[in-house]
Amino acid sequence: MKMESKIHLLLIKLLTLHSLLVLSSSQDFDFFYLVLQWPGSQCDTKSSCCYPITGKPKLDFGIHGLWPNWKNGSYPSNCDSTNPFDAFEILDLMCQMESEWPTLSCPSNDGLKFWSHEWNKHGACSESILDQHEYFLTALNLKTEINLLGALEDAGMIYKIHPNGSAYSVTSIRGTIKEARGYTPWIECNRDVSGNSQLYQIYLCVDSSGSRFIECPVILAKKCSTSIKFPSF
Ligand code: AMP
């Protein structure tokens with residue numbers, strides 16, 4: 001082969017390698033958001049909610065999702081349609097899923113639709129690190145570890161924060177969690193039927209292996225009044 005052709009071939013090989021690297025790293029992500037939801041605020045809205053067929057969820061934050069994110073604020077989604085949600089992969093986690101990741105959508109259902117949506121849209125984007133079983137188990141374990149309601153209710157006398165319909169400052173909620181657990185959470189609010197701003201979801205950041213909480217590399221702008229309601233459930 002002539003020298004010129006050899007260089008040509010080498011260039012093509014380098015270009016192919018480069019495109020493969022770009023393609024594989026485009027599925028990558030920088031960290032996870034663990035998003036926990038207050039069921040009272042999902043239900044006390046104009047669109048209301050439906051309890052799962054297993055009954056009213058316990059009085060606790062529920063998991064909404066574990067979402068891969070990039071540091072620039074955007075996130076990958078629906079990364080792999082060839083690996084759809086498969087309930088058989090998490091049969092051993094079903095009791096915990098029903099208890100910690102309750103569906104509140106209508107009509108009343110068993111939760112498979114919600115979990116399937118979360119895996120297909122978010123979870124599959126982390127499959128190079130966590131398979132389906134690991135993904136759901138990781139979210140369940142992180143939720144137990146952070147025990148948000150415990151952090152709020154066990155706080156010192158001044159900041160004791162209860163889901164009893166009272167209003168609390170966003171700063172005190174964030175500060176209490178930071179003091180109790182060591183990480184600054186981000187708070188998302190929605191509006192109750194009367195239009196009051198209420199505590200809807202809490203975001204915590206987790207490293208890209210799903211093994212430890214971290215301070216959030218990027219925050220999302222979330223609309224909350226200075227003082228927000230923490231509704232009962
Ligand atoms: P995502 O696409 O992951 O941001 O999640 C948003 C979707 O999740 C919307 O369709 C919501 O209606 C749905 N959703 C949020 N919370 C719940 C819940 N507790 N139960 C069932 N669906 C939910």
Side-chain angles (χ1 to χ4, degrees), residues 27 29-70 72-81 83-85 87 90 93-127 130 132 135-136 138-140 142-144 146 148-149 163 185-193 197-206 208 210 216 218-224 230-233:
Q27 295 291 304
F29 63 100
D30 298 321
F31 68 97
F32 287 105
Y33 280 122
L34 174 70
V35 184
L36 300 173
Q37 182 184 77
W38 182 248
S41 305
Q42 175 80 356
C43 293
D44 186 5
T45 53
K46 278 188 186 141
S47 48
S48 189
C49 76
C50 292
Y51 295 157
I53 51 177
T54 41
K56 183 177 177 177
K58 63 179 175 178
L59 182 75
D60 193 8
F61 285 88
I63 301 173
H64 180 162
L66 183 65
W67 301 342
N69 255 262
W70 284 304
N72 68 7
S74 65
Y75 63 91
S77 64
N78 300 103
C79 298
D80 186 3
S81 58
N83 181 12
F85 175 73
I90 54 163
L93 303 178
M94 277 304 163
C95 286
Q96 251 188 301
M97 290 293 293
E98 283 164 2
S99 159
E100 313 300 329
W101 203 319
T103 177
L104 289 167
S105 64
C106 297
S108 185
N109 65 92
D110 56 13
L112 291 177
K113 192 172 157 217
F114 184 29
W115 308 330
S116 166
H117 170 83
E118 290 300 311
W119 167 261
N120 296 335
K121 178 173 175 184
H122 304 281
C125 299
S126 68
E127 68 191 354
L130 303 172
Q132 280 193 49
Y135 174 78
F136 287 104
T138 298
L140 291 166
L142 288 166
K143 191 241 168 200
T144 306
I146 204 77
L148 273 191
L149 191 60
W186 291 92
I187 314 273
E188 179 181 3
C189 296
N190 66 359
R191 295 207 174 264
D192 69 9
V193 280
S197 180
Q198 60 183 355
L199 172 58
Y200 175 43
Q201 301 197 121
I202 298 191
Y203 293 63
L204 287 144
C205 292
V206 177
S208 61
C216 287
V218 61
I219 50 150
L220 310 163
K222 297 287 166 194
K223 295 158 274 145
C224 286
F230 191 9
S232 56
F233 180 60

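Keep in mind it's a predicted model, so treat the numbers as computed, not measured. Each ligand, and each atom within it, is numbered from 1 in the order the structure gives. Position 1 is the first residue of the sequence, and the numbers go up from there. Values below: all heavy atoms of this structure, side chains included; hydrogens, waters and symmetry mates excluded.
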Look at [atom] and say which protein heavy atom is nearest, naming residue and atom and giving the distance to 0.1 Å.
atom                    : result
atom 16 (N) of ligand 1 : Q37 NE2, 2.9 Å
atom 22 (N) of ligand 1 : F114 CD1, 3.5 Å
atom 6 (C) of ligand 1  : H64 NE2, 3.7 Å
atom 12 (O) of ligand 1 : Q42 NE2, 5.0 Å
atom 10 (O) of ligand 1 : H117 NE2, 5.0 Å
atom 20 (N) of ligand 1 : L104 N, 2.8 Å

In terms of side-chain geometry, is the basic nitrogen of D44 or R191 positioned less than 4.0 Å from the acidic oxygen of its partner?
no
With the threshold set at 4.0 Å, does a side-chain nitrogen-carboxylate oxygen contact exist between K223 and E188?
no
Taking distance alone, with no angle check, do H122 and ligand 1 share an N/O pair under 3.5 Å?
yes
Is atom 4 (O) of ligand 1 less than 4.0 angstrom from some protein heavy atom?
yes
By number and element, which atoms of ligand 1 are closer than 4.0 Å to a non-hydrogen atom of [X]?
X    : result
T103 : 20 (N), 21 (C)
E118 : 1 (P), 3 (O), 5 (O)
W67  : 3 (O), 4 (O)

Take the angle between the ring planes of H122 and H117 and call it parallel below 30°, perpendicular above 60°, tilted in between.
perpendicular
Anything under 30° is parallel, anything over 60° is perpendicular, the rest tilted; go ahead and classify F114 against W101.
perpendicular
Can you tell me if S41 uses its side chain to pair, donor with acceptor, with the backbone of L199 under 3.5 Å?
yes
Ring centres under 6.0 angstrom apart ([X], [Y]):
X    : Y    : result
Y33  : W67  : no
W119 : Y135 : yes
F136 : F85  : yes

Using a 4.0 Å heavy-atom cut-off, say whether K121 meets ligand 1 through its side chain, its backbone, both or neither.
side chain
What part of P39, side chain, backbone, both or neither, has a heavy atom within less than 4.0 angstrom of ligand 1?
neither
Under the 6.0 Å and 45° cation-pi test, does K56 pair with F233?
yes
